[in-house]
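Sequence lines set the chain letters: A, B, ... in the order given, protein chains first and strands last, and positions in each chain run from 1. All values below come from the heavy atoms of this structure, side chains included, with hydrogens, waters and symmetry mates left out.
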There are 2 protein chains.
Amino acid sequence: MAGTGARRMRADARRNRERLLTAADEGFREHGVEASLERIAREAGVSIGTLYAHFPSRQALAAALLRARHDSLFELGDSLPGEWSAIDALATWMRAVAAHAAAYRGLATFLVNALGDEASELHAECARMARITERLVDNARGTIGAKVTAEDVLAVTNAAAWTREQVSSSQADRLLDLALRGLRAVTPEPPL
Amino acid sequence: MAGTGARRMRADARRNRERLLTAADEGFREHGVEASLERIAREAGVSIGTLYAHFPSRQALAAALLRARHDSLFELGDSLPGEWSAIDALATWMRAVAAHAAAYRGLATFLVNALGDEASELHAECARMARITERLVDNARGTIGAKVTAEDVLAVTNAAAWTREQVSSSQADRLLDLALRGLRAVTPEPPL
DNA sequence: ACCTGAACACCGTTCAAGT
DNA sequence: ACCTGAACACCGTTCAAGT
């Protein structure tokens, strides 16, 4: 695996990498995921060439920045099927993903693009999110409408993340609650 | 009103304005609402200074480009309360807005920002969309959940527009259908 | 009344040259 | 093994000077 950590690096390289990540987190938080890379390098006290040496693309930088967050998200997603009811597990997952994908402004769009781009350093993470969603949706079959797909659930979740970025987290929560009510199965089954 | 049309303009100015709008529509369609303005001017065969003379900001350019679309959208919105049931009127409105706000990539985000920015040349249009939404939501009171606000409906609609841009129009339609099911009142009223 | 294009302050990205 | 910074090709925006 590439860039899994700071092992076997020269001490100065290791320090530069750390500084870049700190500056990038600040930059992304302040200006969104499209923040200027030159400014991030400047803020880290490092040349722009060094930034590119460590992170060959904006996706790679974002992936490194999100690694810890992704790890705990996946841990949650894998643990959910055991706990609560299937519908509560799904709801918890959707809320967690929506909160995660709004960590930086523009991140929801960034992640959706990564899911559709196999070359992106974030593609594997996005695919994993999709797989976990599929499992939780399958588990909730019968409780949720028969015509609801995992893609529907992922789309709603990403849309909620976008709402969180653009409007507010409380509005995003309301959107998710609304969607969850729509997800539940009713009889007779209405057309979707 | 500023920039209401092509009246009382010198013939060359009028022609340049038209060329700029054509090039901008192409540029926005191809590269989204953040397309390069210099490229648009170049494509229109006009200097970048001329673009700024006609359209002092990207918002102004977008507003001019969307004027016809907005006019017919508002016409629809004002005519809806007379026709169909209140809930169908609301659903029709939501679908129309979601389709409109996805005319160019990035437009949903652009419009949400304009709603929150009184200085934007698109602010009045966005506020008008919000007012029409409020009226239709009020009309549908009793059919939709008592705790559902016009802001909820607008948020869902914008989120669907974003989904349309980012994923597909069919996925956006499914999101809207899901949300509409969630909007409908049920007894006993569940907490939102 | 309108247009031009240089000017300024920024970008992303690459790559030879250094240590 | 890693870093630097110049180089290139772009941007958005303004404004003096032209017609």
Side-chain angles (χ1 to χ4, degrees), chain A residues 2-24 26-28 30-65 105-106 110 113 117 119-121, chain B residues 2-24 26-28 30-65 105-106 110 113 117 119-121:
Chain A
T4 44
R7 287 187 187 292
R8 285 171 189 284
M9 269 202 276
R10 232 165 60 179
D12 57 341
R14 200 192 176 291
R15 217 194 39 173
N16 283 341
R17 189 178 191 278
E18 229 51 54
R19 285 189 176 188
L20 279 165
L21 285 173
T22 303
E26 263 178 53
F28 281 19
E30 199 159 351
H31 302 105
V33 85
E34 303 292 353
S36 158
L37 298 181
E38 278 195 324
R39 188 201 250 259
I40 288 171
R42 218 157 46 225
E43 219 77 42
V46 140
S47 140
I48 179 66
T50 301
L51 186 151
Y52 275 92
H54 283 276
F55 307 104
S57 71
R58 188 181 293 276
Q59 282 80 12
L61 181 55
L65 228 37
R105 191 152 32 89
F110 204 73
N113 288 342
D117 175 12
S120 168
E121 282 90 345
Chain B
T4 44
R7 286 185 189 290
R8 288 171 189 281
M9 269 203 276
R10 233 165 59 178
D12 57 341
R14 200 191 176 292
R15 218 193 40 175
N16 283 342
R17 191 179 190 278
E18 229 52 53
R19 285 189 176 189
L20 279 165
L21 285 172
T22 304
E26 265 179 51
F28 280 19
E30 198 159 353
H31 301 106
V33 85
E34 303 293 352
S36 158
L37 298 180
E38 278 196 323
R39 189 201 250 258
I40 287 171
R42 218 156 46 224
E43 219 79 40
V46 139
S47 139
I48 180 64
T50 300
L51 186 152
Y52 275 91
H54 282 276
F55 307 104
S57 70
R58 188 180 292 275
Q59 283 80 10
L61 180 55
L65 228 39
R105 190 153 32 88
F110 205 72
N113 288 341
D117 174 13
S120 168
E121 283 89 345

Distance-only donor-acceptor pairs under 3.5 Å for side chains of residues 48-63 of chain A, two or more places apart:
| unit_1 | atom_1 | unit_2 | atom_2 | d |
| --- | --- | --- | --- | --- |
| A:S57 | OG | A:Q59 | N | 3.3 |
| A:S57 | OG | A:A60 | N | 3.1 |
| A:S57 | OG | A:E121 | OE1 | 3.1 |
| A:S57 | OG | A:E121 | OE2 | 3.2 |
| A:R58 | NH1 | A:V33 | O | 3.0 |
| A:R58 | NH1 | A:A35 | O | 2.7 |
| A:R58 | NH2 | A:A35 | O | 3.3 |

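In this structure, B:I40 and B:A23 approach most closely via the heavy-atom pair O-CB, 3.5 Å. The shortest heavy-atom contact between B:A41 and B:L20 is CA-CD2, 4.2 Å.
Regarding B:R19, its CZ atom lies at a distance of 11 Å from the P atom of C:dC3, rounded to whole Å. Rounded to an integer number of Å, the gap from B:D12 CG to C:dA1 C1' is 9 Å. Rounded to an integer number of Å, the gap from B:R15 CZ to C:dC2 C1' is 13 Å.
At a threshold of 4.0 angstrom between heavy atoms, the contacts of B:A13 are confined to the sugar-phosphate backbone, with no base atom among them.
Rounding to the nearest 0.5 angstrom, the gap separating the CD atom in B:E30 from the CZ atom in B:R105 is 9.5 Å.
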Footprint string (nucleotides 7-19 of chain C, 5' to 3'): B base within contact, S backbone only, - free, heavy atoms under 4.0 Å: ----BBBBB----

Nucleotide pairing, DNA chain D (Watson-Crick or G-U, distances under 3.5 Å), in dot-bracket with [ ] and |: ||.|||||...|||||.||

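With sequence neighbours left out, B:D117 forms a side chain to side chain donor-acceptor pair (under 3.5 Å) with no residue at all. B:R39 pairs by the side chain to side chain contact (heavy atoms under 4.5 Å, CB included) definition with B:H31, B:S36, B:R42, B:E43, not counting sequence neighbours. By the side chain to side chain contact (heavy atoms under 4.5 Å, CB included) test, A:D12 is found to be paired with A:R10, residues two or more places apart in sequence or in another chain being considered. In this structure A:E38 satisfies the salt bridge (Lys or Arg N to Asp or Glu O under 4.0 Å) test with no other residue, sequence neighbours excluded.
Contact annotation: B:N16 side-chain N/O to C:dC2 OP1/OP2 distance is not under 4.0 Å. Contact annotation: A:H54 side-chain N/O to D:dC2 OP1/OP2 distance is not under 4.0 Å.
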